There are 2 protein chains.
Amino acid sequence: MSTRVSIDRKKEIIEGFYELSKVNGIENTSIAKIGKHLGMPPSLIMHYFPTRDILISNLISFILKRMLRIYTPIIKELRVQNYTDPVTFVDRLFSRDWNLLIDDGVFYGCFSLIFRNETIKREFRNLHLKLRENLKEILDQDEKLNQKDTALLSEQIFVVVEGAYYYLSMIEDEEMYEDKVQIFKNQVYQLLKP
Amino acid sequence: MSTRVSIDRKKEIIEGFYELSKVNGIENTSIAKIGKHLGMPPSLIMHYFPTRDILISNLISFILKRMLRIYTPIIKELRVQNYTDPVTFVDRLFSRDWNLLIDDGVFYGCFSLIFRNETIKREFRNLHLKLRENLKEILDQDEKLNQKDTALLSEQIFVVVEGAYYYLSMIEDEEMYEDKVQIFKNQVYQLLKP
DNA sequence: TTTAAAGTTGAATGATCATTCAATATTATG
DNA sequence: CATAATATTGAATGATCATTCAACTTTAAA
């Protein structure tokens, strides 16, 4: 069905789309621009992605897959150590690894599409349910938390993390940024207290 | 400088822009479409808003002004009663008044612009600083909280509220939605405990 | 009432858009 | 090697875009 070439091309196109979206926003990244950026005619892009909507929904899958990756290093660690201090991965949640993993502008640009596209909304919902499940699994490894409702806890932790990401993305002042991060980290540590 | 007519026209145009953006998204709401919607030539819109960017930045001001309004009824109450149970306005924060006040799709669509526009970012930041200040003032009215750092508390409350709004906007199932709301409300009540 | 300013119209601009298509080149298959 | 499938090209489509402009109408000021 899908050849090596077609798989590579699709990947190349989506990555080009993503790169240009970082600079111009998704809404200003046309098929023609992607083509010029990659040195291919727009018709080739449409050969692999028949409509712009399909192209966008592939970009979203690409982004959501990336986001899930924040957990893979932590989960690997857990396999080896059989124990990880929750504080360690809370730190990781607040670290700038996420910003490195995926551009905030592109991410929120995609997110804003959920309100007019049911499929995109479902994809985002699934990602977030997965993120919470993963966090729950990690919390379950910690004996100190075995009295706690870890499902509830992971909801509570994530709502702080996500609120923090939203709010922090407006803060320019470096010092203020660090202050706020500390506040929100403490807020999560408080939740983790036995 | 600005006549009655020009003030009314500008308002009419921005509101038309907002209405169409609810349905199509900002990125798909052109000046021509706004004109058709309001029964006026696009050139008239450009007479009042010389560029599309100016039009967008006016839409954003319009939206942010609206958001601040969630507090005015609460603050009015406080003036009369000289006391309001914080639980009451936490409820209000989580109520659907906000969704009524401003469409989530338009809101997040505007928000995603902060990443490529410094002015818009500043406007959003100012709104959120104001929201937190307002909440602090309300918390300060409550004697039960006079041992607490109300500035810190308002940060912590809002980060939950904003994370919740983000997350809840993906949830379709009504029952699940109510469950989550209750979780996040409890999380805030916990913060308010003396 | 004259005149200036502000408001409004509609047609025209060139740029860019997503998408289509037929033609050509490359690769895989039998 | 032949042939079918896949990959790629480049030109052309009509729609829509933000913006410009000159002409016209209404309102305000003097």
Side-chain angles (χ1 to χ4, degrees), chain A residues 1-60 62 106 109-110 112-113 116-117 119-120, chain B residues 1-60 62 106 109-110 112-113 116-117 119-120:
Chain A
M1 271 293 119
S2 36
T3 64
R4 176 86 262 142
V5 175
S6 82
I7 291 170
D8 289 347
R9 268 278 190 253
K10 282 180 185 177
K11 206 174 137 196
E12 182 190 7
I13 292 167
I14 294 297
E15 275 169 7
F17 190 9
Y18 173 69
E19 290 304 323
L20 285 185
S21 296
K22 283 207 268 188
V23 183
N24 307 316
I26 331 165
E27 70 274 21
N28 298 315
T29 304
S30 66
I31 290 166
K33 281 176 189 165
I34 300 169
K36 183 179 277 185
H37 177 66
L38 297 173
M40 63 178 69
S43 49
L44 186 56
I45 293 171
M46 303 220 61
H47 176 248
Y48 290 106
F49 304 97
T51 67
R52 179 158 215 274
D53 281 350
I54 292 172
L55 187 62
I56 287 177
S57 95
N58 275 76
L59 176 66
I60 287 168
F62 168 83
V106 180
C110 290
S112 74
L113 300 176
R116 279 167 296 120
N117 185 312
T119 312
I120 294 176
Chain B
M1 272 289 119
S2 37
T3 65
R4 178 85 262 141
V5 175
S6 82
I7 291 170
D8 289 348
R9 267 278 190 253
K10 284 181 184 175
K11 206 174 137 195
E12 182 190 6
I13 292 167
I14 294 297
E15 276 168 6
F17 189 9
Y18 174 69
E19 290 304 322
L20 285 185
S21 296
K22 283 206 270 188
V23 183
N24 307 316
I26 333 165
E27 70 275 21
N28 299 315
T29 304
S30 66
I31 290 167
K33 281 177 187 164
I34 301 169
K36 184 179 275 185
H37 176 67
L38 297 174
M40 63 177 72
S43 50
L44 186 56
I45 294 172
M46 302 220 61
H47 177 246
Y48 290 107
F49 303 98
T51 67
R52 179 159 215 273
D53 282 350
I54 292 172
L55 188 63
I56 287 177
S57 96
N58 275 76
L59 176 67
I60 286 168
F62 168 84
V106 180
C110 289
S112 73
L113 300 176
R116 278 167 297 117
N117 185 313
T119 311
I120 294 176

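Remember, it's a predicted structure, so these values are computed and weren't measured experimentally. So that the names make sense, note that chain A is the first sequence line, chain B the second, and so on, each numbered from 1.
Atom pair B/Ile45:CD1 and D/dT16:C1' shows a separation of 15 Å (rounding to whole Å applied). Taking atom CZ of A/Arg52 as the reference point, atom P of C/dT16 lies 16 Å away to the nearest angstrom. Rounded to whole Å, atom P of D/dC17 lies 15 Å from atom CD1 of B/Ile26. In this structure, B/Leu55 places its CG atom 9 Å from P of D/dT19, rounding to the nearest Å. The distance from atom NZ of B/Lys33 to atom C1' of D/dA15 is 11 Å, rounded to the nearest whole Å. The CD atom of B/Glu12 sits 13 Å away from the C1' atom of C/dT8 (whole-angstrom rounding). In this structure, CD1 of A/Ile31 is placed 5 Å from P of C/dT19, rounded to the nearest angstrom. One interatomic measurement links the two molecules: CE of A/Met46 to P of D/dA11, which rounds to 19 Å at whole-angstrom precision.
For the atom pair CG of B/Asp53 and CD1 of B/Ile120, the computed distance is 7.5 Å after rounding to the nearest 0.5 Å. From B/Asn24, atom CG reaches atom OG of B/Ser30 across 9.0 Å, with rounding to the nearest 0.5 Å. We find the NZ-CD1 distance between B/Lys11 and B/Ile14 to be 12.0 Å, quoted to the nearest 0.5 Å.
Taking A/Phe62 as the reference, A/Tyr18 meet the ring-ring contact (aromatic ring centres under 6.0 Å, His included) condition, with sequence neighbours excluded. With sequence neighbours left out, B/Lys33 forms a salt bridge (Lys or Arg N to Asp or Glu O under 4.0 Å) with no residue at all.
When the side-chain nitrogen and oxygen atoms of A/Ser30 are compared with OP1 and OP2 of C/dT16, none of them lie within a distance under 4.0 Å.
Between A/Leu38 and A/Glu12, some side-chain heavy-atom pair lies under the 4.5 Å cut-off.
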Between the protein and nucleotides 7-10 of chain D, are there any N/O to N/O pairs under 3.5 Å, and if so, what are the atom names and distances?
from, atom 1, to, atom 2, distance (Å)
D/dA7, OP1, A/Thr3, OG1, 2.4
D/dT8, OP1, A/Arg9, NE, 3.4
D/dT8, OP1, A/Arg9, NH2, 3.0
D/dT8, OP2, A/Arg9, NE, 3.0
D/dT8, OP2, A/Tyr48, OH, 2.9
D/dG10, N7, A/Ser43, OG, 3.3
D/dG10, O6, A/Ser43, OG, 2.6

